[in-house]
Amino acid sequence: MLTIARPFLDEMLDHLQACYPLEGCGLLAGDLDGLVTAVYPIDNILQSPTAYEMDPQQQVEAMLALEAAGWQMLAIYHSHPQGPPQPSATDIALAYYPEALHVVVSLREQNAPKVRAFQIMEQEVVEQKIKVTP
Ligand SMILES: [Zn+2]
């Protein structure tokens with residue numbers, strides 16, 4: 001389960017809305033209990049409406065910063081501006097960090113984002129509960 005406080009959820013959604021109609025991406029830091037402790041927006045170097053690749057320099061900096069804070073890379077998030085809230089075949093094939101969850105945000109209805117989280121291990125996709133707290 002992923003537990004995220006409303007301000008962090010809003011921070012992530014604001015970033016993805018700012019990237020719209022392109023895909024946006026970033027990292028969620030958290031503790032061992034799955035509680036989100038920080039949001040790290042990262043540039044999508046592909047600048048595409050249907051694909052993303054995190055800016056490698058920003059990704060490394062974010063990973064070092066969250067490790068220095070004593071946190072884990074809890075999740076990798078990205079948006080599907082026109083797609084469903086589930087990992088694409090490409091997302092599954094490119095899930096390089098099996099210990100991190102994958103948060104997929106569909107903005108097909110732009111004013112009603114759909115947020116879902118998945119564990120992707122060895123091509124197997126298992127949905128995880130998201131708990132939003134105040
Ligand atoms: Zn995707």
Side-chain angles (χ1 to χ4, degrees):
M1 184 166 76
L2 186 75
T3 304
I4 185 165
R6 176 63 63 179
F8 288 136
L9 181 65
D10 288 344
E11 189 179 343
M12 177 180 76
L13 292 176
D14 286 351
H15 169 231
L16 296 175
Q17 293 283 12
C19 296
Y20 187 91
L22 303 178
E23 285 199 14
C25 54
L27 301 179
L28 299 180
D31 65 16
L32 291 171
D33 294 327
L35 176 70
V36 173
T37 52
V39 178
Y40 295 90
I42 293 178
D43 288 342
N44 174 8
I45 58 173
L46 298 182
Q47 292 289 296
S48 160
T50 54
Y52 79 98
E53 188 177 325
M54 285 188 271
D55 180 295
Q57 180 69 28
Q58 290 177 20
Q59 183 182 1
V60 167
E61 284 170 8
M63 289 169 80
L64 291 173
L66 67 89
E67 276 172 26
W71 298 328
Q72 319 291 318
M73 183 172 77
L74 196 59
I76 295 166
Y77 72 85
H78 75 284
S79 58
H80 286 170
Q82 305 299 338
Q86 60 194 51
S88 66
T90 306
D91 293 335
I92 295 167
L94 299 181
Y96 295 131
Y97 298 96
E99 68 282 7
L101 298 179
H102 292 259
V103 172
V104 182
V105 179
S106 171
L107 296 175
R108 252 189 325 205
E109 293 173 75
Q110 204 193 349
N111 296 322
K114 303 274 186 304
V115 184
R116 294 169 73 190
F118 304 87
Q119 184 183 62
I120 305 175
M121 278 180 130
E122 294 171 356
Q123 315 286 303
E124 193 188 333
V125 180
V126 180
E127 184 162 13
Q128 304 288 308
K129 255 180 86 90
I130 299 178
K131 182 180 174 191
V132 179
T133 61

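All residue numbers refer to positions in the sequence shown, counting from 1. One-based numbering, in listed order, for ligands and for the atoms of each.
- Atom CD of E99 has more than 12 heavy atoms from other residues, nucleotides or ligands within 6.0 Å.
- Put simply, the residue from V36, L74, L35 that forms a side-chain contact (heavy atoms from CB on, under 4.5 Å) with I4 is V36.
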Name the atoms and distances for all side-chain donor-acceptor pairs under 3.5 Å in residues 54-62, with sequence neighbours left out.
unit_1	atom_1	unit_2	atom_2	d
D55	OD1	Q57	N	3.0
D55	OD1	Q58	N	3.0
Q57	NE2	E61	OE2	3.0
Q58	OE1	D43	N	2.8
Q58	NE2	D43	OD2	2.9
Q59	NE2	Y97	OH	3.4

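- Checked against H80 for a side-chain contact (heavy atoms from CB on, under 4.5 Å), the options T50, D91, L16 give a single hit: D91.
- For the Zn ion (ligand 1), the nearby protein N/O/S atoms, meaning those under 2.8 Å, are H78 NE2, H80 NE2, D91 OD1, D91 OD2.
- Outside the 6.0 Å centre-distance limit, the rings of F118 and H102 are not counted as a close aromatic pair.
- Environment of CD in Q110: crowded, with over 12 heavy atoms of neighbouring residues, nucleotides or ligands closer than 6.0 Å.
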